[in-house]
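On a predicted model such as this, the values are computed, not experimentally measured, just so you know. Just follow the structure's listing: the first ligand is 1, and inside any ligand the first atom is 1.
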Amino acid sequence: MADIADHAKIDHVIYNEHYNLVPDVAKVAEMLDADPAITHVSMVHSETTSGILNDIEAVGKVVKEKGRVFIVDAMSSFGGVDIPVADWGIDFIISSANKCIQGVPGFSFIIARRSLLMESAGKARSLSLDLYDQWKTMEVDGKWRFTSPTHVVLAFAQAMKEMEAEGGIPARNRRYTENNRLLIEKMNEMGFRTYIDGIHQGPIITTFFYPDECHFTFDQMYRYIKERGYAIYPGKVTEAPTFRIGNIGEIYREDIEKVCGIIKEFLEEYDHEEN
Ligand SMILES: *Cc1c(COP(=O)(O)O)cnc(C)c1O
């Protein structure tokens, strides 16, 4: 977000917490009180870097109390976690076709408070990413301003049908949450601890510490699992050696059991001094 703001030459201040902590609402209130120049607050909901699920409801409440605009990056939560957008005071919520909606990559979308969207006319700092202009064009003839990502739209329509058939967001959230809990349970049994505390752990992606006495590399583990049909991610938090397992997508209990079985075999083969 800071990179985007820098590039677009948007003045900003950053409120950072460690990767394993959620933002403190009191600090957000303090910053807003101290700096009337702050007009917008933008935050991530499901932080894909760590797996934490931030409390956008509590922050949104403060942002609204202080009369600021609230923007939420819900890239990796929208569709997988229920978000009462209006009740939580979210003015702009951003997501894309290819995460919890389970479509293919190719476009993002923003659900916006109409009055604020209209006020943004002519303010975009990018020609192609001009949200107001895109909206206005679609209102006229339903078209993208530039070449439409036709295949992505078709896949998106299909993904929405599949979401509905599954039972909507509550059912998808249940499946993701159950998969995630089972994953953590089985990983714990093998001695892997989670980086994020239980209460803030989201249902989308989980960061695990390597075992204390670790005799393998991420690359060895990645390859072993990949050859057997699954892919995991390297860790991205800077302060601790970790790796991540994501469970967005057509993933079911049997996949979690299988991937944990593969990791167990891997440990039996690799986690010895001689490797
Ligand atoms: C995936 C993701 C992004 C980036 O999405 P792109 O489609 O790669 O642009 C941004 N924020 C969060 C929280 C994400 O999970």
Worksheet entry | Between E119 and Y132, a side-chain donor and acceptor under 3.5 Å | no
Worksheet item: Side-chain donor-acceptor pair under 3.5 Å between N247 and Y176, yes or no?
Response: no
Worksheet item: Short N/O distance, under 3.5 Å, between D73 and ligand 1?
Response: yes
Discussion item. Among F209, F266, F243, which residue satisfies the ring-ring contact (aromatic ring centres under 6.0 Å, His included) criterion with F192?
Written reply: F243
Discussion item. If the contact criterion is a heavy-atom separation under 4.0 Å, does S46 count as touching ligand 1?
Written reply: yes
Discussion item. Would K99 count as being in polar contact with ligand 1, using the rule that some N or O on each side must be under 3.5 angstrom apart?
Written reply: yes
Discussion item. Strictly inside 4.0 angstrom of atom 11 (N) of ligand 1, do you find any protein heavy atom?
Written reply: yes
Item to complete: Run the numbers for me: atoms of ligand 1, each under 4.0 Å from some heavy atom of V44, listed by number.
Response: 13 (C)
Item to complete: Decide whether N180 and T206 meet the rule of one side-chain donor and one side-chain acceptor closer than 3.5 Å.
Response: yes
Worksheet item: Is the shortest N/O to N/O distance between T48 and ligand 1 below 3.5 Å?
Response: yes
Discussion item. Surrounding NZ of K236 (heavy atoms of other residues, nucleotides or ligands, distance under 6.0 Å), is the total greater than 12?
Written reply: no
Discussion item. For atom 5 (O) of ligand 1, what's the nearest protein heavy-atom neighbour? Residue, atom name and distance, please.
Written reply: M75 CE, 3.0 Å
Discussion item. Regarding T242 and T207, do their side chains bring together a donor and an acceptor under 3.5 Å, going by distance alone?
Written reply: no
